[in-house]
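A note on names: the letters A, B, ... follow the listed sequences, proteins ahead of strands, and every chain is numbered from 1.
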Protein chains: 2
Amino acid sequence: MYRIGELAQRYEIKTDTLRYYEKHGLLAPSGRSDSGYRLYDEADEVKLRFILRAKGVGFTLAQIQELLMIDASRASWACQDVKAIVENKVVELERKMAELKQFRDSLQQLADACCGGPESAEHCSILDALEVRS
Amino acid sequence: MYRIGELAQRYEIKTDTLRYYEKHGLLAPSGRSDSGYRLYDEADEVKLRFILRAKGVGFTLAQIQELLMIDASRASWACQDVKAIVENKVVELERKMAELKQFRDSLQQLADACCGGPESAEHCSILDALEVRS
DNA sequence: TTTGACCTTTGACCAAACTCCAAGGTTTAT
DNA sequence: ATAAACCTTGGAGTTTGGTCAAAGGTCAAA
């Protein structure tokens, strides 16, 4: 069982952030010490990792909370419902990936076309690079 | 030349958002009518599309402003500098894409493994799905 | 010429996701 | 036994990115 400071330090977040997650129903410590200190266990840590990864790929805390609640109560859901929700998220992620890929390809083409020398970048327009390709 | 309402409507944003972008140095209309109405031209629209696309792939307005300023003053930059900046952005985008891909693959595997039937989803854990694969 | 749909500005307000502060209790090392 | 480094709560403040409202000016159609 870890105290809040240890968990925060290991994931490079503030203790305040963990308290914020608790307050907003995302991650409650599984216990408290006699003196009232929050105590987190391995399962809490798994949940935290999930939260941080999901946040990293652009989900809002509200969306993450939804996923966590589905997961926590999955015994009372039907497989087909969970599958549908997960497949929706997959579609959402793929849309995001496609957007990112287009953006990257455009910038990559600009970088490739740019001589990279010491002369003026007059013709290296970032706006133009992102304009043409749909 | 379009007025603020027309441009806003075409990009499904609020007129207030365009005024906000102007106030924060992202997009100023290229002119004003006699009566003081903002007038946007084709180049402003290109810039707006850039802003919306960049925002769509997760850049903050501050980062977008930076790119716009580099673009606007590129005549006074060296090719190598612009190329370096653009290549940095490409790396950033690729990191994001890799994260997204991992997340999607994990969820996809859960969806694939899930029977999708009417029985309890006890064994379809979203947290578990995202846990193992690094 | 007046009604309705536009536009202007200033300034307040909002939600999300933290982040900090104050006042105090706990633990641990010396 | 006392200082340093933790922890508690409650509440206030911050940043980002808008969004709304008030009070008024403009313009086109009937």
Side-chain angles (χ1 to χ4, degrees), chain A residues 1-41 44-45 47-69 92 96 99 103, chain B residues 1-41 44-45 47-69 92 96 99 103:
Chain A
M1 304 284 265
Y2 329 111
R3 290 192 311 191
I4 197 167
E6 195 188 339
L7 194 61
Q9 196 170 24
R10 282 202 284 127
Y11 288 92
E12 298 181 291
I13 56 176
K14 298 268 165 73
T15 55
D16 278 331
T17 302
L18 284 167
R19 291 195 199 96
Y20 177 86
Y21 288 166
E22 181 177 354
K23 194 174 177 181
H24 291 75
L26 277 101
L27 177 60
S30 52
R32 290 274 180 149
S33 75
D34 288 350
S35 52
Y37 286 14
R38 287 169 179 80
L39 295 173
Y40 297 88
D41 67 8
D44 297 331
E45 209 182 333
K47 220 165 151 181
L48 177 58
R49 272 198 296 270
F50 172 81
I51 292 166
L52 298 178
R53 281 191 72 185
K55 225 166 59 72
V57 298
F59 284 107
T60 64
L61 296 191
Q63 290 174 314
I64 294 168
Q65 192 181 17
E66 197 194 336
L67 286 171
L68 285 171
M69 287 188 320
E92 195 181 319
K96 271 193 190 192
E99 260 175 54
F103 205 95
Chain B
M1 303 286 264
Y2 329 111
R3 291 189 311 188
I4 197 166
E6 193 188 341
L7 195 61
Q9 194 169 25
R10 281 202 284 128
Y11 288 92
E12 298 180 296
I13 56 177
K14 297 268 164 72
T15 55
D16 279 331
T17 301
L18 284 167
R19 292 196 197 96
Y20 177 86
Y21 288 166
E22 181 178 356
K23 193 174 177 183
H24 291 75
L26 277 102
L27 178 62
S30 52
R32 292 271 179 151
S33 75
D34 288 351
S35 52
Y37 288 13
R38 286 169 180 80
L39 295 173
Y40 297 88
D41 67 8
D44 297 329
E45 208 182 333
K47 222 165 149 181
L48 177 59
R49 272 199 297 268
F50 171 81
I51 292 167
L52 298 178
R53 279 191 72 184
K55 226 166 58 72
V57 298
F59 284 107
T60 64
L61 296 191
Q63 290 174 316
I64 294 168
Q65 193 183 16
E66 196 193 338
L67 286 171
L68 284 171
M69 285 188 320
E92 194 182 320
K96 269 192 190 192
E99 261 175 55
F103 205 95

For residues 1-9 of chain A, which side-chain N or O atoms pair as donor and acceptor with protein atoms under 3.5 Å away, sequence neighbours left out?
{"from": "Y2(A)", "atom 1": "OH", "to": "E42(A)", "atom 2": "OE1", "distance (Å)": "3.4"}
{"from": "Y2(A)", "atom 1": "OH", "to": "E45(A)", "atom 2": "OE1", "distance (Å)": "3.0"}

Can you tell me how far apart CG (L18(B)) and OH (Y11(B)) are? Round to the nearest 0.5 Å.
10.5 Å
Over all strands shown, is R19(B) touching base, sugar-phosphate only, or nothing at heavy-atom distances under 4.0 angstrom?
base
Taking NZ from K55(A) and C1' from dA17(C), how many angstroms apart are they, rounded to a whole number?
8 Å
Find the distance E22(B):CD to dC7(C):C1' and express it as a whole number of Å.
13 Å
At under 4.0 Å between heavy atoms, what does K23(B) touch on the DNA or RNA strands: base, sugar-phosphate, or nothing?
nothing
Hey, could you give me the CD1/CG distance between I51(B) and L26(B), rounded to the nearest 0.5 Å?
5.0 Å
Separation of dC6(C) atom P from R32(B) atom CZ, nearest Å, is 19 Å
I'd like to know if D16(A) pairs up with R19(A) as an ion pair, taking the criterion as any Lys NZ or Arg NE/NH1/NH2 lying under 4.0 Å from an Asp or Glu carboxylate oxygen.
yes
Length of the line joining Q63(A):CD and dA16(C):P, which is rounded to integer Å:
12 Å
Check every nucleotide of DNA chain D for an atom under 4.0 Å from a heavy-atom of chain A, then give the first and the last such nucleotide from 5' to 3'.
dC6(D) to dT9(D)
Under 4.0 Å protein heavy-atom contacts per nucleotide of nucleotides 23-30 of chain C, with B for base, S for backbone only and - for none:
--BBS---
K14(A) and Y20(A), any side-chain heavy atoms less than 4.5 Å apart:
no
Does Y21(A) make a side-chain N or O approach to OP1 or OP2 of dA17(C) shorter than 4.0 Å?
no
Whole angstrom is fine here: how far is it from CD1 in I4(A) over to P in dC18(C)?
14 Å
Scan every strand shown for a Watson-Crick or G-U wobble partner of dA30(D), both distances under 3.5 Å, and answer none if you come up empty.
dT1(C)
Would you say that L68(A) contacts Q65(A) through its side chain, given a criterion of any heavy-atom pair below 4.5 Å between the two side chains?
no
Determine whether a donor-acceptor pair (N or O, by modelled atom type, separation under 3.5 Å) exists between the side chain of E99(B) and the backbone of K96(B).
no
If we only count heavy atoms from C-beta on, is the P29(A) to L39(A) side-chain gap below 4.5 Å?
no
Rounded distance (Å) that lies between atom C1' of dC6(C) and atom CG of L39(B):
13 Å
Do NZ/NE/NH1/NH2 and the carboxylate oxygens of R38(A) and E22(A) come within less than 4.0 Å?
yes
Atom OH of Y20(B) to atom P of dT8(C): distance rounded to whole Å?
18 Å
So, is R38(B) close to the dT8(C) phosphate, meaning a side-chain N or O under 4.0 Å from OP1 or OP2?
yes
Measure the distance from CG on D16(A) to P on dC20(C) and round it to the nearest whole Å.
7 Å
